[in-house]
2 protein chains.
Amino acid sequence: MIKVVIAEDQTLLRDALATLLGLESDIEIVGLAANGREAHDAIRRQDPDLVLTDIEMPDMTGLELADLLRREQSRTRVVIVTTFDRPGYLRRAMEAGVSGFILKDGPSADLAGAVRRVMAGERVVAPELAARAWDEADPLSDAERRLLRLAEAGLDSPAMAEATGLARGTVRNYLHSAIGKLGAANRIEAARRARQKGWL
Amino acid sequence: MIKVVIAEDQTLLRDALATLLGLESDIEIVGLAANGREAHDAIRRQDPDLVLTDIEMPDMTGLELADLLRREQSRTRVVIVTTFDRPGYLRRAMEAGVSGFILKDGPSADLAGAVRRVMAGERVVAPELAARAWDEADPLSDAERRLLRLAEAGLDSPAMAEATGLARGTVRNYLHSAIGKLGAANRIEAARRARQKGWL
DNA sequence: TGCCGCAGGTGACAGCTGTCATGCGCGAAG
DNA sequence: CTTCGCGCATGACAGCTGTCACCTGCGGCA
(Lines give C-alpha, C1' and ligand atoms only; values in the text may rest on other atoms or scores of the structure.)
Protein backbone atom coordinates (compact mmCIF):
# COMPACT_ATOMS: atom_id res chain seq x y z
CA MET A 1 0.00 0.00 0.00
CA ILE A 2 1.42 3.38 -1.00
CA LYS A 3 0.52 6.01 1.58
CA VAL A 4 0.00 9.46 0.03
CA VAL A 5 -0.59 12.99 1.33
CA ILE A 6 -2.08 15.54 -1.09
CA ALA A 7 -1.33 19.26 -0.78
CA GLU A 8 -3.32 21.56 -3.05
CA ASP A 9 -5.06 24.80 -2.20
CA GLN A 10 -8.04 24.43 -4.51
CA THR A 11 -10.53 22.36 -2.58
CA LEU A 12 -12.23 21.03 -5.67
CA LEU A 13 -9.03 19.76 -7.29
CA ARG A 14 -7.69 18.47 -3.98
CA ASP A 15 -10.78 16.38 -3.34
CA ALA A 16 -10.99 15.27 -6.95
CA LEU A 17 -7.38 14.08 -6.89
CA ALA A 18 -8.00 12.26 -3.64
CA THR A 19 -11.01 10.51 -5.11
CA LEU A 20 -9.15 9.65 -8.28
CA LEU A 21 -6.13 8.16 -6.50
CA GLY A 22 -8.26 6.60 -3.80
CA LEU A 23 -9.87 4.43 -6.45
CA GLU A 24 -6.54 2.67 -6.99
CA SER A 25 -6.28 -0.49 -4.95
CA ASP A 26 -2.61 -0.03 -4.03
CA ILE A 27 -2.83 3.66 -3.03
CA GLU A 28 -4.17 5.05 0.21
CA ILE A 29 -4.76 8.75 0.85
CA VAL A 30 -3.72 9.41 4.44
CA GLY A 31 -3.87 13.19 4.49
CA LEU A 32 -5.14 16.32 2.75
CA ALA A 33 -3.63 19.77 3.11
CA ALA A 34 -4.56 23.20 1.75
CA ASN A 35 -1.06 24.68 2.05
CA GLY A 36 2.57 23.77 2.66
CA ARG A 37 2.43 24.11 6.41
CA GLU A 38 -0.58 21.83 6.78
CA ALA A 39 1.14 19.37 4.46
CA HIS A 40 4.24 19.40 6.64
CA ASP A 41 2.16 18.70 9.73
CA ALA A 42 0.32 15.89 7.98
CA ILE A 43 3.60 14.35 6.85
CA ARG A 44 4.96 14.50 10.41
CA ARG A 45 1.89 12.71 11.71
CA GLN A 46 1.34 10.17 8.98
CA ASP A 47 4.86 9.48 7.70
CA PRO A 48 3.52 8.84 4.16
CA ASP A 49 5.55 7.31 1.35
CA LEU A 50 4.84 10.23 -0.94
CA VAL A 51 3.40 13.73 -1.01
CA LEU A 52 1.70 15.10 -4.09
CA THR A 53 1.91 18.89 -3.93
CA ASP A 54 1.00 22.00 -5.87
CA ILE A 55 3.58 24.80 -6.03
CA GLU A 56 1.61 28.00 -5.62
CA MET A 57 -0.07 27.81 -2.24
CA PRO A 58 -0.46 30.30 0.58
CA ASP A 59 1.60 29.78 3.71
CA MET A 60 4.55 27.78 2.27
CA THR A 61 4.80 26.82 -1.37
CA GLY A 62 5.36 23.32 -2.67
CA LEU A 63 8.96 24.20 -3.49
CA GLU A 64 9.60 25.39 0.05
CA LEU A 65 7.98 22.23 1.36
CA ALA A 66 10.24 20.06 -0.81
CA ASP A 67 13.27 21.97 0.40
CA LEU A 68 12.25 21.61 4.03
CA LEU A 69 11.69 17.85 3.68
CA ARG A 70 15.09 17.45 2.05
CA ARG A 71 16.78 19.31 4.89
CA GLU A 72 14.93 17.16 7.43
CA GLN A 73 16.04 14.08 5.51
CA SER A 74 12.46 12.95 5.42
CA ARG A 75 11.84 9.59 3.75
CA THR A 76 8.69 11.00 2.12
CA ARG A 77 9.19 11.51 -1.60
CA VAL A 78 7.89 14.65 -3.23
CA VAL A 79 5.96 14.89 -6.48
CA ILE A 80 5.15 18.38 -7.71
CA VAL A 81 1.91 18.90 -9.65
CA THR A 82 1.61 22.38 -11.07
CA THR A 83 -0.22 24.48 -13.61
CA PHE A 84 2.81 26.45 -14.48
CA ASP A 85 4.98 25.49 -17.33
CA ARG A 86 7.93 27.52 -16.09
CA PRO A 87 11.44 26.19 -16.54
CA GLY A 88 12.62 28.02 -13.42
CA TYR A 89 10.21 26.03 -11.29
CA LEU A 90 11.49 22.71 -12.57
CA ARG A 91 15.04 23.75 -11.94
CA ARG A 92 14.31 24.80 -8.38
CA ALA A 93 12.30 21.65 -7.82
CA MET A 94 15.21 19.52 -8.97
CA GLU A 95 17.54 21.38 -6.67
CA ALA A 96 15.12 20.67 -3.84
CA GLY A 97 15.44 16.98 -4.65
CA VAL A 98 11.91 16.20 -5.78
CA SER A 99 11.15 12.81 -7.30
CA GLY A 100 8.55 13.93 -9.79
CA PHE A 101 7.30 17.01 -11.61
CA ILE A 102 4.09 16.79 -13.57
CA LEU A 103 1.76 19.35 -15.12
CA LYS A 104 -1.92 19.84 -14.48
CA ASP A 105 -2.24 20.20 -18.24
CA GLY A 106 -0.68 16.81 -18.80
CA PRO A 107 -2.47 13.51 -19.31
CA SER A 108 -4.25 12.59 -16.12
CA ALA A 109 -4.70 8.93 -16.90
CA ASP A 110 -1.34 7.86 -15.56
CA LEU A 111 -1.21 9.94 -12.42
CA ALA A 112 -1.37 6.71 -10.48
CA GLY A 113 1.25 5.29 -12.82
CA ALA A 114 3.55 8.21 -12.04
CA VAL A 115 3.09 7.59 -8.32
CA ARG A 116 4.01 3.93 -8.78
CA ARG A 117 7.03 4.73 -10.93
CA VAL A 118 8.29 7.18 -8.33
CA MET A 119 7.87 4.56 -5.61
CA ALA A 120 9.86 2.16 -7.79
CA GLY A 121 12.73 4.62 -7.58
CA GLU A 122 12.26 6.34 -10.91
CA ARG A 123 12.34 10.09 -11.32
CA VAL A 124 9.29 11.23 -13.27
CA VAL A 125 9.34 14.52 -15.18
CA ALA A 126 6.66 15.82 -17.53
CA PRO A 127 8.22 15.14 -20.93
CA GLU A 128 7.29 18.54 -22.36
CA LEU A 129 9.44 20.14 -19.66
CA ALA A 130 12.42 17.80 -19.47
CA ALA A 131 14.05 19.15 -22.59
CA ARG A 132 13.73 22.79 -21.55
CA ALA A 133 14.86 22.34 -17.99
CA TRP A 134 18.34 23.70 -18.30
CA ASP A 135 18.04 25.94 -21.32
CA GLU A 136 18.03 29.16 -19.35
CA ALA A 137 19.46 29.81 -15.94
CA ASP A 138 17.98 32.44 -13.66
CA PRO A 139 20.18 35.50 -14.21
CA LEU A 140 18.68 37.56 -11.39
CA SER A 141 20.38 38.45 -8.13
CA ASP A 142 18.36 38.28 -4.92
CA ALA A 143 18.16 42.07 -4.76
CA GLU A 144 16.86 42.26 -8.32
CA ARG A 145 14.29 39.56 -7.69
CA ARG A 146 13.04 41.31 -4.59
CA LEU A 147 12.69 44.65 -6.32
CA LEU A 148 10.90 43.13 -9.30
CA ARG A 149 8.37 41.64 -6.92
CA LEU A 150 7.77 45.07 -5.41
CA ALA A 151 7.53 46.68 -8.85
CA GLU A 152 4.91 44.10 -9.77
CA ALA A 153 2.90 45.16 -6.74
CA GLY A 154 2.83 48.74 -7.99
CA LEU A 155 5.39 50.41 -5.74
CA ASP A 156 7.51 53.19 -7.17
CA SER A 157 11.23 53.60 -6.57
CA PRO A 158 11.04 55.75 -3.43
CA ALA A 159 8.59 53.28 -1.89
CA MET A 160 10.87 50.38 -2.76
CA ALA A 161 13.84 52.19 -1.25
CA GLU A 162 11.79 52.68 1.89
CA ALA A 163 10.73 49.03 1.92
CA THR A 164 14.19 47.59 1.38
CA GLY A 165 16.39 50.08 3.21
CA LEU A 166 18.34 50.75 0.01
CA ALA A 167 19.08 54.18 -1.42
CA ARG A 168 16.77 55.35 -4.22
CA GLY A 169 19.63 55.37 -6.69
CA THR A 170 20.53 51.80 -5.82
CA VAL A 171 16.97 50.71 -6.40
CA ARG A 172 17.15 52.22 -9.86
CA ASN A 173 20.49 50.54 -10.52
CA TYR A 174 19.14 47.10 -9.66
CA LEU A 175 16.04 47.59 -11.71
CA HIS A 176 18.15 48.85 -14.59
CA SER A 177 20.29 45.76 -14.36
CA ALA A 178 17.26 43.45 -14.20
CA ILE A 179 15.69 45.22 -17.18
CA GLY A 180 18.91 44.68 -19.12
CA LYS A 181 19.24 41.02 -18.19
CA LEU A 182 15.65 40.30 -19.19
CA GLY A 183 15.70 42.30 -22.39
CA ALA A 184 12.73 44.36 -21.25
CA ALA A 185 11.86 47.99 -21.91
CA ASN A 186 10.88 48.86 -18.35
CA ARG A 187 10.39 47.40 -14.87
CA ILE A 188 6.84 46.22 -15.59
CA GLU A 189 7.82 44.20 -18.61
CA ALA A 190 10.85 42.90 -16.70
CA ALA A 191 8.65 41.71 -13.85
CA ARG A 192 6.26 40.03 -16.27
CA ARG A 193 9.06 38.21 -18.05
CA ALA A 194 10.72 37.06 -14.86
CA ARG A 195 7.39 35.86 -13.45
CA GLN A 196 6.68 33.95 -16.64
CA LYS A 197 10.03 32.16 -16.47
CA GLY A 198 9.39 31.15 -12.88
CA TRP A 199 12.17 33.33 -11.51
CA LEU A 200 10.10 35.31 -9.07
CA MET B 1 -30.11 10.55 -16.00
CA ILE B 2 -28.55 14.03 -16.09
CA LYS B 3 -26.35 14.42 -19.17
CA VAL B 4 -23.35 16.68 -18.53
CA VAL B 5 -20.56 18.21 -20.63
CA ILE B 6 -17.44 19.42 -18.83
CA ALA B 7 -15.33 22.31 -20.18
CA GLU B 8 -12.05 22.94 -18.38
CA ASP B 9 -8.62 23.56 -19.86
CA GLN B 10 -6.57 21.77 -17.22
CA THR B 11 -6.58 18.14 -18.24
CA LEU B 12 -6.00 16.88 -14.75
CA LEU B 13 -8.89 18.76 -13.21
CA ARG B 14 -11.14 18.05 -16.19
CA ASP B 15 -10.58 14.30 -15.92
CA ALA B 16 -10.82 14.36 -12.15
CA LEU B 17 -14.16 16.18 -12.28
CA ALA B 18 -15.40 13.72 -14.87
CA THR B 19 -14.43 10.79 -12.67
CA LEU B 20 -15.97 12.41 -9.60
CA LEU B 21 -19.31 13.15 -11.26
CA GLY B 22 -19.26 9.91 -13.21
CA LEU B 23 -19.41 8.06 -9.91
CA GLU B 24 -22.89 9.43 -9.28
CA SER B 25 -25.56 7.04 -10.43
CA ASP B 26 -27.86 9.72 -11.84
CA ILE B 27 -25.20 11.68 -13.76
CA GLU B 28 -23.65 10.79 -17.08
CA ILE B 29 -20.67 12.61 -18.58
CA VAL B 30 -21.34 12.84 -22.30
CA GLY B 31 -18.55 15.15 -23.36
CA LEU B 32 -15.23 16.73 -22.36
CA ALA B 33 -13.84 19.97 -23.77
CA ALA B 34 -10.59 21.87 -23.27
CA ASN B 35 -11.97 25.25 -24.34
CA GLY B 36 -15.20 27.07 -25.08
CA ARG B 37 -15.31 26.23 -28.76
CA GLU B 38 -14.90 22.50 -28.17
CA ALA B 39 -17.57 22.76 -25.51
CA HIS B 40 -19.93 24.43 -27.95
CA ASP B 41 -19.36 21.68 -30.50
CA ALA B 42 -19.90 18.99 -27.87
CA ILE B 43 -23.14 20.65 -26.75
CA ARG B 44 -24.38 20.77 -30.35
CA ARG B 45 -23.67 17.09 -30.80
CA GLN B 46 -24.80 15.76 -27.44
CA ASP B 47 -27.57 18.15 -26.42
CA PRO B 48 -26.71 17.72 -22.73
CA ASP B 49 -28.85 18.91 -19.84
CA LEU B 50 -26.03 20.92 -18.34
CA VAL B 51 -22.53 22.18 -19.03
CA LEU B 52 -20.02 22.64 -16.25
CA THR B 53 -17.47 25.21 -17.42
CA ASP B 54 -14.39 27.07 -16.28
CA ILE B 55 -14.15 30.78 -17.14
CA GLU B 56 -10.55 31.33 -18.16
CA MET B 57 -9.94 29.11 -21.14
CA PRO B 58 -8.20 29.70 -24.46
CA ASP B 59 -10.37 30.03 -27.57
CA MET B 60 -13.65 31.23 -26.01
CA THR B 61 -14.08 31.74 -22.28
CA GLY B 62 -16.82 30.22 -20.18
CA LEU B 63 -18.58 33.59 -20.03
CA GLU B 64 -18.57 33.90 -23.81
CA LEU B 65 -19.87 30.34 -24.05
CA ALA B 66 -22.72 31.12 -21.65
CA ASP B 67 -23.60 34.21 -23.64
CA LEU B 68 -23.57 32.28 -26.92
CA LEU B 69 -25.82 29.55 -25.53
CA ARG B 70 -28.27 32.14 -24.23
CA ARG B 71 -28.44 33.80 -27.65
CA GLU B 72 -28.98 30.43 -29.30
CA GLN B 73 -31.75 29.74 -26.78
CA SER B 74 -30.06 26.45 -26.01
CA ARG B 75 -31.85 24.28 -23.48
CA THR B 76 -28.49 23.36 -21.91
CA ARG B 77 -28.05 25.04 -18.52
CA VAL B 78 -24.70 26.56 -17.65
CA VAL B 79 -22.83 26.20 -14.38
CA ILE B 80 -19.62 28.20 -14.03
CA VAL B 81 -16.80 26.72 -11.96
CA THR B 82 -13.94 29.12 -11.48
CA THR B 83 -10.87 29.84 -9.39
CA PHE B 84 -11.47 33.50 -9.41
CA ASP B 85 -13.32 35.15 -6.66
CA ARG B 86 -14.03 38.29 -8.68
CA PRO B 87 -17.35 40.05 -8.29
CA GLY B 88 -17.18 41.30 -11.89
CA TYR B 89 -17.20 37.74 -13.17
CA LEU B 90 -20.29 36.83 -11.21
CA ARG B 91 -22.05 39.91 -12.48
CA ARG B 92 -21.22 39.11 -16.08
CA ALA B 93 -22.18 35.48 -15.57
CA MET B 94 -25.58 36.50 -14.22
CA GLU B 95 -26.12 38.78 -17.18
CA ALA B 96 -25.30 35.82 -19.44
CA GLY B 97 -28.06 33.87 -17.73
CA VAL B 98 -26.06 31.12 -16.06
CA SER B 99 -27.80 28.77 -13.63
CA GLY B 100 -24.90 28.30 -11.25
CA PHE B 101 -21.65 29.89 -10.18
CA ILE B 102 -19.35 27.94 -7.89
CA LEU B 103 -15.74 28.32 -6.81
CA LYS B 104 -12.92 25.83 -7.15
CA ASP B 105 -12.01 26.81 -3.61
CA GLY B 106 -15.45 25.90 -2.35
CA PRO B 107 -16.51 22.61 -0.80
CA SER B 108 -16.31 19.91 -3.42
CA ALA B 109 -18.54 17.42 -1.64
CA ASP B 110 -21.77 18.74 -3.04
CA LEU B 111 -20.74 19.40 -6.61
CA ALA B 112 -23.16 16.66 -7.59
CA GLY B 113 -25.70 18.25 -5.27
CA ALA B 114 -25.30 21.56 -7.04
CA VAL B 115 -25.85 19.86 -10.39
CA ARG B 116 -29.05 18.27 -9.10
CA ARG B 117 -30.31 21.51 -7.58
CA VAL B 118 -29.74 23.32 -10.86
CA MET B 119 -31.63 20.60 -12.72
CA ALA B 120 -34.46 21.05 -10.22
CA GLY B 121 -34.72 24.64 -11.39
CA GLU B 122 -32.77 26.31 -8.60
CA ARG B 123 -30.12 28.92 -9.20
CA VAL B 124 -26.96 27.99 -7.29
CA VAL B 125 -24.42 30.65 -6.34
CA ALA B 126 -21.38 30.17 -4.10
CA PRO B 127 -22.58 31.72 -0.84
CA GLU B 128 -19.36 33.66 -0.25
CA LEU B 129 -20.01 35.50 -3.50
CA ALA B 130 -23.75 36.03 -3.40
CA ALA B 131 -23.59 38.87 -0.92
CA ARG B 132 -20.91 40.74 -2.81
CA ALA B 133 -22.39 40.35 -6.25
CA TRP B 134 -23.78 43.81 -6.69
CA ASP B 135 -21.76 45.78 -4.19
CA GLU B 136 -19.54 47.42 -6.76
CA ALA B 137 -20.27 48.16 -10.37
CA ASP B 138 -17.48 48.42 -12.89
CA PRO B 139 -16.68 52.14 -13.03
CA LEU B 140 -14.31 51.92 -15.99
CA SER B 141 -15.00 53.23 -19.46
CA ASP B 142 -13.99 51.12 -22.44
CA ALA B 143 -11.07 53.42 -23.18
CA GLU B 144 -9.83 53.15 -19.60
CA ARG B 145 -10.15 49.39 -19.62
CA ARG B 146 -8.23 49.11 -22.85
CA LEU B 147 -5.40 51.30 -21.62
CA LEU B 148 -5.14 49.46 -18.33
CA ARG B 149 -4.71 46.23 -20.24
CA LEU B 150 -1.88 47.77 -22.21
CA ALA B 151 -0.30 49.19 -19.06
CA GLU B 152 -0.41 45.74 -17.55
CA ALA B 153 1.53 44.45 -20.54
CA GLY B 154 4.33 46.92 -19.88
CA LEU B 155 3.69 49.55 -22.56
CA ASP B 156 4.46 53.17 -21.74
CA SER B 157 2.23 56.10 -22.67
CA PRO B 158 3.74 56.85 -26.09
CA ALA B 159 3.45 53.18 -27.02
CA MET B 160 -0.18 53.11 -25.88
CA ALA B 161 -0.90 56.26 -27.88
CA GLU B 162 0.62 54.53 -30.89
CA ALA B 163 -1.38 51.37 -30.26
CA THR B 164 -4.71 53.09 -29.77
CA GLY B 165 -4.43 56.04 -32.13
CA LEU B 166 -5.04 58.46 -29.25
CA ALA B 167 -2.88 61.46 -28.43
CA ARG B 168 -0.30 61.01 -25.67
CA GLY B 169 -2.02 63.52 -23.45
CA THR B 170 -5.33 61.73 -23.84
CA VAL B 171 -3.73 58.46 -22.84
CA ARG B 172 -2.51 60.13 -19.68
CA ASN B 173 -5.93 61.64 -19.02
CA TYR B 174 -7.66 58.27 -19.24
CA LEU B 175 -5.10 56.60 -17.04
CA HIS B 176 -5.38 59.45 -14.56
CA SER B 177 -9.10 58.98 -14.48
CA ALA B 178 -8.81 55.20 -14.04
CA ILE B 179 -6.26 55.66 -11.26
CA GLY B 180 -8.68 58.01 -9.52
CA LYS B 181 -11.68 55.70 -9.89
CA LEU B 182 -9.75 52.76 -8.52
CA GLY B 183 -8.07 54.62 -5.68
CA ALA B 184 -4.65 53.57 -6.90
CA ALA B 185 -1.33 55.40 -6.74
CA ASN B 186 -0.26 54.65 -10.30
CA ARG B 187 -1.25 52.77 -13.45
CA ILE B 188 0.30 49.50 -12.30
CA GLU B 189 -1.66 49.40 -9.09
CA ALA B 190 -4.77 50.48 -10.99
CA ALA B 191 -4.38 47.60 -13.45
CA ARG B 192 -3.86 45.14 -10.60
CA ARG B 193 -6.96 46.31 -8.79
CA ALA B 194 -9.15 46.26 -11.87
CA ARG B 195 -7.91 42.78 -12.78
CA GLN B 196 -8.62 41.56 -9.27
CA LYS B 197 -12.19 42.83 -9.42
CA GLY B 198 -12.75 41.07 -12.72
CA TRP B 199 -13.10 44.30 -14.65
CA LEU B 200 -10.40 43.67 -17.23
C1' DT C 1 -31.30 78.70 -30.09
C1' DG C 2 -28.80 77.98 -26.17
C1' DC C 3 -27.02 75.08 -22.72
C1' DC C 4 -25.14 70.78 -21.01
C1' DG C 5 -22.44 66.60 -21.00
C1' DC C 6 -18.97 63.99 -23.01
C1' DA C 7 -15.04 62.16 -25.85
C1' DG C 8 -10.86 63.81 -27.10
C1' DG C 9 -7.13 67.08 -26.91
C1' DT C 10 -3.38 70.78 -25.31
C1' DG C 11 0.10 72.79 -22.27
C1' DA C 12 2.56 73.23 -18.06
C1' DC C 13 4.97 71.39 -14.07
C1' DA C 14 6.80 68.64 -10.23
C1' DG C 15 8.30 64.29 -9.50
C1' DC C 16 9.61 59.54 -11.08
C1' DT C 17 12.16 56.46 -14.47
C1' DG C 18 15.85 54.66 -17.27
C1' DT C 19 20.59 55.41 -18.48
C1' DC C 20 25.25 56.34 -17.73
C1' DA C 21 29.62 57.63 -15.53
C1' DT C 22 31.82 57.39 -11.50
C1' DG C 23 33.17 56.43 -6.74
C1' DC C 24 34.09 53.67 -2.38
C1' DG C 25 34.90 49.62 0.58
C1' DC C 26 35.69 44.85 0.99
C1' DG C 27 36.68 40.08 0.29
C1' DA C 28 38.75 36.71 -3.03
C1' DA C 29 42.36 35.56 -6.32
C1' DG C 30 46.76 36.22 -7.95
C1' DC D 1 50.17 43.27 -1.32
C1' DT D 2 47.80 44.46 -5.27
C1' DT D 3 44.22 43.87 -8.34
C1' DC D 4 39.79 42.61 -9.50
C1' DG D 5 35.01 42.05 -9.06
C1' DC D 6 30.97 43.00 -6.51
C1' DG D 7 27.54 45.37 -3.66
C1' DC D 8 26.08 49.74 -2.79
C1' DA D 9 26.02 54.45 -3.53
C1' DT D 10 25.93 59.33 -5.87
C1' DG D 11 24.96 62.86 -9.47
C1' DA D 12 23.35 64.30 -13.85
C1' DC D 13 20.03 64.25 -17.62
C1' DA D 14 16.55 63.19 -21.08
C1' DG D 15 12.28 61.35 -21.23
C1' DC D 16 7.99 59.48 -19.00
C1' DT D 17 4.25 59.94 -15.38
C1' DG D 18 0.62 61.97 -12.61
C1' DT D 19 -1.93 66.12 -11.88
C1' DC D 20 -4.36 70.10 -13.17
C1' DA D 21 -6.55 73.82 -15.80
C1' DC D 22 -8.51 74.61 -19.86
C1' DC D 23 -10.04 74.12 -24.91
C1' DT D 24 -12.83 72.01 -28.98
C1' DG D 25 -16.38 69.68 -31.46
C1' DC D 26 -20.54 67.11 -31.31
C1' DG D 27 -24.80 64.94 -30.07
C1' DG D 28 -28.76 65.51 -26.99
C1' DC D 29 -32.41 68.33 -25.32
C1' DA D 30 -35.35 71.94 -23.15
Side-chain angles (χ1 to χ4, degrees), chain A residues 67 88 91-92 95 134 136-200, chain B residues 88 91-92 95 136-200:
Chain A
D67 204 52
R91 190 193 189 91
R92 276 153 68 194
E95 282 162 5
W134 308 100
E136 250 182 311
D138 182 350
L140 299 174
S141 72
D142 285 345
E144 288 159 358
R145 209 186 327 282
R146 185 164 176 212
L147 291 175
L148 285 181
R149 273 195 275 250
L150 294 176
E152 205 178 22
L155 278 71
D156 59 14
S157 293
M160 292 189 224
E162 176 85 15
T164 57
L166 294 171
R168 296 177 182 205
T170 306
V171 168
R172 290 200 323 252
N173 284 343
Y174 280 131
L175 288 172
H176 175 50
S177 150
I179 288 166
K181 285 175 179 175
L182 296 167
N186 54 49
R187 56 187 68 188
I188 305 311
E189 203 188 330
R192 281 175 54 87
R193 293 192 178 201
R195 161 95 29 217
Q196 200 222 328
K197 293 281 190 178
W199 294 334
L200 289 191
Chain B
R91 192 194 189 94
R92 276 153 67 194
E95 282 161 6
E136 250 181 312
D138 181 351
L140 299 174
S141 71
D142 285 347
E144 288 160 358
R145 211 189 326 284
R146 181 160 179 217
L147 290 175
L148 284 181
R149 274 196 274 253
L150 295 175
E152 204 179 23
L155 278 72
D156 59 15
S157 293
M160 290 189 225
E162 175 86 16
T164 56
L166 295 171
R168 296 178 183 205
T170 305
V171 168
R172 281 180 311 166
N173 286 342
Y174 280 131
L175 288 173
H176 176 51
S177 149
I179 289 167
K181 286 176 179 176
L182 295 167
N186 54 50
R187 56 186 70 187
I188 305 309
E189 204 188 331
R192 281 174 52 87
R193 291 192 179 202
R195 162 85 41 208
Q196 199 222 326
K197 295 278 192 182
W199 293 336
L200 288 191

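Being a predicted model, the structure only gives us computed values, none of them experimental. Throughout, protein chains are lettered first and strands after them, A, B, ... in sequence-line order, and every chain is numbered starting at 1.
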Visitor: Between S157(B) and R187(B), does any side-chain donor sit less than 3.5 Å from a side-chain acceptor?
Guide: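 Result is yes, a qualifying pair exists.
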Visitor: Main chain of L182(B), side chain of R193(B): is a donor-acceptor contact present, judged purely on distance under 3.5 Å?
Guide: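 Indeed, once roles are kept as given, a pair shorter than 3.5 Å links the two residues.
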Visitor: Using a cut-off of less than 4.0 Å, is there contact between a side-chain N or O of T170(A) and OP1 or OP2 of dC8(D)?
Guide: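 For dC8(D), OP1/OP2 do not have a side-chain N/O of T170(A) under 4.0 Å.
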Visitor: From the set dT10(C), dT19(C), dT10(D), return the single nucleotide nearest to any side-chain atom of A167(B).
Guide: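 Minimum distance to the A167(B) side chain belongs to dT10(C).
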Visitor: Enter the distance from R149(A):CZ to L200(A):CG here, rounded to the nearest 0.5 Å.
Guide: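 Result: 6.0 Å between the selected atoms.
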Visitor: May I have the distance from L147(B) (atom CG) to dG9(C) (atom P), rounded to whole angstrom?
Guide: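 Those two atoms, CG and P, are 11 Å apart.
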Visitor: For a quick test of your reading: what N or O donor-acceptor pairs under 3.5 Å do the side chains of residues 159-171 of chain B make, sequence neighbours left out?
Guide:
{"from": "T164(B)", "atom 1": "OG1", "to": "M160(B)", "atom 2": "O", "distance (Å)": "2.8"}
{"from": "T164(B)", "atom 1": "OG1", "to": "A161(B)", "atom 2": "O", "distance (Å)": "3.4"}
{"from": "T164(B)", "atom 1": "OG1", "to": "L166(B)", "atom 2": "N", "distance (Å)": "3.3"}

Visitor: Looking only at side-chain N and O atoms, does H176(B) come under 4.0 Å of OP1 or OP2 in dT19(D)?
Guide: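 Indeed, a polar side-chain atom of H176(B) lies that close.
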Visitor: Using modelled atom types and a 3.5 Å cut-off, is there a donor and acceptor pairing between side-chain atoms of E144(B) and backbone atoms of L140(B)?
Guide: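 A pair under 3.5 Å: no.
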Visitor: Given dG18(C), dC8(D), dT19(D), which nucleotide is nearest the side-chain atoms of Y174(A)?
Guide: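 Closest of the options to the side chain of Y174(A): dC8(D).
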Visitor: Assign a letter to each nucleotide of nucleotides 11-17 of chain C from its 5' end: B, base within under 4.0 Å of a protein heavy atom; S, sugar-phosphate only; -, no contact.
Guide: -B---SB
Visitor: Keeping N186(B) on the side-chain end and L155(A) on the backbone end, is there a donor-acceptor pair under 3.5 Å?
Guide: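 Here the side-chain-to-backbone pair does not exist.
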Visitor: Would you work out how much the helix from dT1(C)-dA30(D) to dG30(C)-dC1(D) bends between its ends, with each end axis defined by five base pairs, to 10 degrees?
Guide: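 Computed angle between terminal axes is 10°.
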Visitor: Any salt bridge linking E152(B) with R192(B)? Criterion: basic side-chain nitrogen under 4.0 Å from a carboxylate oxygen.
Guide: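 Not counted as a salt bridge, because no side-chain N and carboxylate O are separated by less than 4.0 Å.
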Visitor: Between CZ of R145(A) and OH of Y174(A), what distance do you get to the nearest 0.5 Å?
Guide: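 So the CZ of R145(A) and the OH of Y174(A) are separated by 12.5 Å.
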Visitor: Contact class for L175(A) vs. all strands (heavy atom < 4.0 Å): base, sugar-phosphate, or nothing?
Guide: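 No contact.
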